[in-house]
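First the proteins, then the strands, lettered A, B, ... as listed; each starts at 1.
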Amino acid sequence: MRFEVKVEVSPREGIANPEGSTIERALPALGFVTAGNVRVGKVIHLQVDADSAADAKSLVEDMCNRFLSNPVIEDALVEVREG
Amino acid sequence: MSCRVGVVRFPGTNCEFDTVDAIHSLGGEAEVLWHGDSSLKNVDAVVIPGGFAHGDYLRCGAIAKFSPIMESINSFAKEGGPVLGICNGFQVLTEAELLPGALQKNAGMKFLCSMQRIDFVSTSNVLGRHAKAGDRLRIPINHFEGNYVCSPEVLNQLEEENRVVFRYVDNPNGSIADIAGICNAEGNVVGMMPHPERATSPLLGSTDGTTLIQSLLIA
Amino acid sequence: MSPAPEDASVHRALGLSDDEYQRIHGLLDRHPNHLELAMYSVMWSEHCSYKSSKIHLKRLPTEAPWVLVGPGENAGVIDVGDDIAVAIRIESHNHPSAIEPYQGAATGVGGILRDIFTMGARPIAVMDPLRFGPLDDPRSRWIAEGVVSGVSGYGNSVGVPTVGGEIVFDETYKGNPLVNVLAMGVLPSERLVLGQASGIGNLAVLLGASTGRDGIGGVSVLASAGFGESSEDADKRPSVQVGDPFEEKRLLEACLELLDEGLVTGIQDLGGAGITCATSETASRGGAGMDVDVTAIHAREENMEPVELMTSESQERMLAIVEPKDLTRVIEISSRWEIEASVIGRVTDNGQLRVLNGFDGEVLASLPASTLHDDAPEYDRPLAPPRDLTERRSKDASQGSADCVNDLLSLLRDPAWVYSQYDHQLFLNTVVGPGNDGTLLRLRHPRTGEETGRGIALSTDGNHRWCHVDPRQGTAMIVAEAVMNIACVGAYPLAVVNCLNFGNPEHPEVMWQLSEAVDGMTEACIAFNAPVVGGNVSLYNETNAVDIAPTPVVGVIGMHPSLSVPPPVIGLPTDASLLVLGQVPEADVSMAGTQWAWEIGGCKDGTLPTFDLAQAVRTAAFIADAVQRQRLVAVHDVGEGGLAVAAAEMAIDSGVGAQINYHNDHISMFNESGGRVLAVVQDELLDAFMTDASEHEVPVREIGRTGGSSLTFGAEITVPLNDLENACRNELPEALGRGTISA
């Protein structure tokens, strides 16, 4: 079966996120004074063939650990739906 | 004795010939190693030079670590062979887990190309043969992702084991503990963001990089 | 072939006039079909054909014994000795950058690099003269920030250092920024290749990125129209292309390898007008024809129409002409660099460019290849000076309230915020980098890396204020300034490239400005013996029907014949005499066209100060010689902001002040009379230097002593160095965001 997978890669809690901080510093200047804790990550969309959603998920999680994210600084969240 | 240095070329690498030129100008021999080959051609040391291996897509160094040459470099390093990663090469070494930590975007969110003052902190590694701790060098940086990060435990370990090789005098990128370069526990693998090959001629404004490359040549 | 369109709305929608349609009809002796019309439309666009400017450009001097390739090819090429040739070109990417600053600038860099390696040269330097609206305009700041990021993002990644340029902010560029990019490359003289297709049966191989729907008709839409309000801009957005520096880097390395192994007989980059331009240009230059199979083009999207494939401006593509026996090796090298290669064409002997649906399939278009270039219309558009020229010239630009200290502080700007984002050191050639007068690079042999003991100097210059006041003399003055800049690093000029940024050519005043600028450039290039080897014309730079101030930009390339030590710095030493060399105006001083008059005094007109071109030639030669012989301790060109700004920049650079005796009013401090240089000579050599200067008919005047922690002018004006430094260094970071973490 074909599955649509969305991988959300975000900076790990406690790791500085210069992109997020830069946006956070800019927001008040535009009048958005109530926003905070801005973090910038990335989203990767892909399709995989697998026997089940669970298989697809574990396959992509393996990809994340080895390639799509850097566990030193990033967390990855994998979402699977049937394609 | 003459030392042969292998300089790795990934698609997107751009400092490979500068590194070769600097090695030649200091009397060493250099050999460009293609990322897709697994042979290190019996070189005595390896440099992973600066540039944008695989366009720096996904993350700097993330795709490069899967090239055939990296497996050989891994074994070479494990056997004690001298390996120097400069800039993008440092990023590749962290992605390949030959060095701990990671390099993320500069705190100022800008690419930075400028002359920097750095202090030699630890000389017990392949770059330190002609130096003593405390030496101050002028060597340029040229990066967007040079902001070194690691966990507090790793930082502690680096400090305790005297593995911080260089620190910035004026931290340009937000690196933790002003770190500009580190080495592995054995001191044979060094990663640094500044470009020593760009400080090898009076015409270029500094010759402070020569001691580092010379040290590698007799390693 | 599909039936001919009869409806005039078809060719008009493609940007062709009724006269141009008739011309095509005459050339083909029949009605063209839609595909053919589209091909003529892109090739006869202003961008590709220079139809409005060609008649004037012909007046420029283009020849010298060292010129190997002049205007008309992808890049100019000059012989610099030791079997080394240098390829150089400048281009604009103004309109794309106004819509999508990052990608506009990025693809501008990519395009010009392909022009350089098309000639067989490895690109080793980029310069970027940039002009934006005022810093207090948020959109202009957004454009400036995006453009600088785009140049940085693409240039650094593709691996070519950006070694200099300019950054100018002015009301005239609000809504219409000028993004010009100059690139230079070196090649072994024997590797020089031209973009031509010859050898019947040879193959045209398309290399690089796949062809998508991006940039369809870009040259006729983006490059040839001004901008109105935002709703129209939205329609133009699909034409914007996205650059991929990693693809370009692999393409560059692959092409240089093909050239090194002698596997191509001709090569051409794909820029404006895409495959139509590359196939027809190579064919007509080689006196041949070409059959193009549209089904062989590797496409990014499905179901692309032939017209889309033929006119797409997708980036990072090249067309190589290859002998059939070499094809296997060409594909091998391409795949090693992960570059796609498809045989899309065959060289024929009939002079026709035929577009086919499969090599043996239906003929979709057939036209004489040369008509797309050689028969493009050429317009002698009406030109006229502004009606109120006399009145404008009679104005006194020195009026206005002057507060010399604050005026000086407001005229200072350190461009480091820009160039620190560019890799300006790659290839280990940069002896003098950005932020100085001229750029100076070591000249090394492109094949062996051996040093020649010589240097190549570059400078780009433009000045819309001078050119607004007097496009002819203003243009002569910018050529002189560029030459003076490279003289300050010890070089004499070899050649000039130009980027002519003007408004709407349908306005007679704009055509007059263009014509005058060409004449001024001609005079100066002849005087400096530096022919024009290439150029680019960017017209329709206007916003809401208001033309930009005329902005010709020149790039000057020069030679430092004996480079063993770095040239003198800008910074002042302590306790030495400060000299001004060159034209010393007394009676003919004018504030017209100065930065002071525009930004502080509020007058944009008047008459430019007298400019003595022959004197500028003598001064530049004298300075270059003095630098080569290491007789100067410090040197700096006097340009925008006049003597006071030049002196302040020297003081800031080294943290050493100066006492300047003569200059204590805004006219003497900020006038911009051309052809002047500030210099410092060691005291013990001063007398000999003065004698030498007078023998060479170069006026020198001692204007003060260096030292102290402030800059003083006469008895009344004193500015502490700290104030100068803060004013200079903080402006851009504060306006555009800090690039380094603050301490």
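- Remark: the backbone N or O of B:Ile69 is not paired with any side-chain donor or acceptor of B:Ser67 at under 3.5 angstrom.
- Under the 4.0 Å criterion applied to side-chain N and carboxylate O atoms, C:Glu253 and C:Arg250 are not assigned as salt-bridge partners.
- A salt bridge between B:Glu159 and B:Arg167 is present, with a side-chain N of the basic residue lying under 4.0 Å from a carboxylate O of the acidic one.
- C:Glu450 does not touch chain B: none of its heavy atoms, backbone or side chain, sits under 4.5 Å away.
- Ranked by heavy-atom pairs under 4.5 Å with chain C, the list B:Thr13, B:Asn142, B:Asn88, B:Thr200 is led by B:Asn142.
- Between the CG atom of C:Leu113 and the CD atom of C:Glu316 there is a distance of 10.0 Å, given to the nearest 0.5 Å.
- Residues of residues 428-435 of chain C that come within less than 4.5 angstrom of chain B, heavy atom to heavy atom, are C:Leu428, C:Asn429, C:Thr430, C:Val431 in numerical order.
- Contact annotation for C:Glu247: neither backbone nor side-chain heavy atoms come within less than 4.5 Å of a heavy atom of chain B.
- Only the side chain of B:Tyr57 comes within less than 4.5 Å of a heavy atom of chain C; its backbone N, CA, C and O stay farther away.
- Each of C:Val565, C:Leu563, C:Asp244 has some count of heavy-atom pairs under 4.5 Å with chain B, and the biggest count is that of C:Asp244.
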Problem set entry | side-chain hydrogen bond (donor to acceptor under 3.5 Å, both in side chains) between B:Asp37 and B:Ser39, intermediate numbers included | CA-CA 6 Å; B:Asp37 300 335; B:Ser39 164; over 6 Å; no
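- Across all their heavy atoms, B:Gly61 and B:Asp56 have their closest contact at N-OD1, 4.2 Å.
- Checking B:Asn147 against B:Asn173 by side-chain atom types alone, no donor-acceptor pair falls below 3.5 Å.
- Ring pair B:His54/B:His35 is perpendicular by interplanar angle, where above 60° counts as perpendicular and below 30° as parallel.
- Both the backbone and the side chain of C:Arg336 have a heavy atom closer than 4.5 Å to some heavy atom of chain B.
- Salt bridge B:Asp208/B:Arg138: absent, no basic N to carboxylate O contact under 4.0 Å.
- Top candidate by heavy-atom pairs under 4.5 Å with chain B, chosen from C:Asp423, C:Val158, C:Leu440, is C:Asp423.
- Contacts of B:Pro11 with chain C are made by both backbone and side-chain atoms, with heavy-atom separations under 4.5 Å.
- Considering CG of B:Leu203 and CG of C:Leu441, their distance stands at 11.5 Å, rounded to 0.5 Å.
- For chain C, no part of B:His195 is nearby; none of its heavy atoms comes within less than 4.5 Å.
- Formation of a donor-acceptor pair under 3.5 Å by the C:Ser157 side chain with backbone atoms of C:Tyr154 is not found in this model.
- Both the backbone and the side chain of C:Phe427 come within less than 4.5 Å of a heavy atom in chain B.
- At a cut-off of 3.5 Å, with distance as the only test, a side-chain donor of B:Ser114 or B:Gln116 sits close to an acceptor on the other residue.
- Top candidate by heavy-atom pairs under 4.5 Å with chain C, chosen from B:Asn14, B:Asp21, B:Asp18, is B:Asp18.
- Annotation: maximal heavy-atom pairing with chain B below 4.5 Å, among C:Gly449, C:Pro566, C:Ala416, C:Ser420, occurs at C:Ser420.
- The CG atom of B:Leu155 sits 5.0 Å away from atom CD1 of B:Ile176, with the distance rounded to the nearest 0.5 Å.
- Using a 4.5 Å cut-off between heavy atoms, C:Ser564 contacts chain B through its backbone alone, with no side-chain atom that close.
- Only the side chain of B:Ser201 has a heavy atom closer than 4.5 Å to any heavy atom of chain C.
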